[in-house]
Visitor: 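Below: one structure in structure tokens.
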Amino acid sequence: MSSIQASRGTRDILPDEVSYWQRVETIVREILVRAAYQEIRTPIFEQTALFERGMGEATDVVNKEMYTFKDRGDRSLTIRPEGTAGVARSYIEHNLHAQGGVQRLWYAGAMFRYERPQAGRQRQFHQLGVEVLGSGDVRADAEAIALATEILQTLGLKDLRLDLNSIGDANDRQTYREALVNYLTPFKEELDADSQDRLTRNPLRILDSKDPRTQTILDQAPSILDYLGSDSQRRFDRVQQLLSDLGIACNINSRLVRGLDYYTHTVFEIQSDDLGAQATVCAGGRYDGLVSELGGPETPAIGWAMGLERLILLLQQIQPVSPSKVDFYVVSRGEKAESQALILAQLLRRSGFTIELDLSGSAFGKQFKRADRSGAVACLILGDSEAETKTVQLKWLKSGEQTAIEQSALLETIADLRTKISHLKDEN
RNA sequence: GCGAGCGUAGCCAAGUGGUUAAGGCAGUGGUUUGUGGUACCACCAUCCGGGGGUUCGAGUCCCCUCGUUCGCCCCA
């Protein structure tokens, strides 16, 4: 094949699939608006330093997955690999903190990571995220998590697991880190190769190793939850209590750690068993240190991101596509009739009907075939004789029943039939 | 970045060295040039992701490459 194809790890979302995306977008917008979240749109590319500082220079995303390039002014830019850093940057740059109170923001858009494509993982993918900036209240944690579960539940997704953990503050993590390293060092030779390497580099990440032998060793390892300071512990207890009050079931997973450096205290992940290896649909947590790290004021914050491709993968497993239906399919033949049909179509569209005008110019028989396939409820037919008498034939496709209507009276006659149309539409 | 599998028309798919590349769905045309959904008929891959090689002969074997799938790493 010599023609150009979509780049590796990117793909087209064709009309059949777009209806899923639209459904998600509609539901998301409704739920977030009701919770007083405001949409924010930040640039697709940012200065490379933003992501390096925000996500942590030691993370894999920063080290090997970013699309980084120099522009003509020799600036190092990076196409965003995630959304939080850009939102935090914007929050600082526009002094949104000076507006007082809590900023509840959401975004949705394409993110880019140079990774090996796999089911549920692409180089260009889409995330929906929320960021609550300026509140350290545990209710912010609970509210954010509740919104995520609300969205997933409203979309009809079942069998999702919410894992919750606290990774404490920096001090808690430091003491825990030492304890973990002390415990693991004697077992060093028995750990998988990656974990051995992480023992010095990033020991906390050993906790979510998938290697069974490493997991066995970890069974007896100290738990981060035993190393939380009293403040951290109180926070964690409160979050659990609030979630329980909201009727949200969660599973405490003391081995849950997140990949990006900015997380503190609450971390969580929502997973599905129906996605293969890339099981995480939504993940997030508190990041009280990020805004100050990026040069802003001390700002407590919590947020999460959802992978929309993964979400839609799940949606497709439970629901068939609902093709958008046409109210009237307009069939016409003959120069005069065809131009009248065009005018009538526009007239009807203005009063809110969905109209598909047949443009093929082929025989009536062919046009009716297409009318069927369009899923239209009824046909409007204009031929030479209709053009002469300024009438139009209205034919209900299911019953075959057909009547003639004056073109001038079409709008009011059809308006009366609105309920019949919506009824027939629902039937299919 | 590492390991393994796969790649035949818009979609699904047979084919396992012998040459005209099954079949189904979809599509197009017709039976029916002013009336569809059913039925019947016809058409619809000079070509098997791309390139190179082995062979008298390759979709079928080998190599490279691209893409994809599953897993690792990582992550949403």
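This is a predicted model, so every value here is computed, not measured. Throughout, a chain's letter reflects where its sequence line sits, starting with A, and its residues are numbered from 1.
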Visitor: Rounding to an integer number of Å, can you tell me how far A:Arg370 CZ sits from B:U35 C1'?
Guide: 13 Å
Visitor: Less than 4.5 Å apart, side chain to side chain, heavy atoms only: is that true for A:Trp396 and A:Gln402?
Guide: no
Visitor: May I have the distance from A:Glu115 (atom CD) to B:C74 (atom C1'), rounded to whole angstrom?
Guide: 6 Å
Visitor: If you count the non-hydrogen atoms of other residues, nucleotides and ligands that lie under 6.0 Å from CG in A:Asp416, is the total more than 12?
Guide: yes
Visitor: Identify whether a stacking contact exists between A:Phe368 and B:G37, where the ring centres must be under 5.5 Å apart and the planes under 30° apart.
Guide: no
Visitor: Under 3.5 Å for both donor-acceptor distances, Watson-Crick or wobble: does B:U16 have a partner, and if so which one?
Guide: none
Visitor: Please evaluate the base of B:U69 for a donor-acceptor partner in the side chain of A:Gln118 within a cut-off of under 3.5 Å?
Guide: no
Visitor: What's the CZ-P distance between A:Arg116 and B:C75, to the nearest Å?
Guide: 18 Å
Visitor: Could you state the atom-to-atom distance from CG of A:Leu152 to C1' of B:A76 in whole Å?
Guide: 12 Å
Visitor: Answer yes or no: does a side-chain N or O of A:Lys210 lie under 4.0 Å from OP1 or OP2 of B:C72?
Guide: yes
Visitor: Reading RNA chain B from 5' onward, which residue's closest nucleotide shows up sooner: A:Arg258 or A:Ser7?
Guide: A:Ser7
Visitor: Starting at CD of A:Glu131, measure out to CD of A:Gln103 and round the result to the nearest 0.5 Å.
Guide: 12.0 Å
Visitor: Within this structure, what is the CZ-to-P distance between A:Phe364 and B:U35, rounded to whole angstrom?
Guide: 9 Å
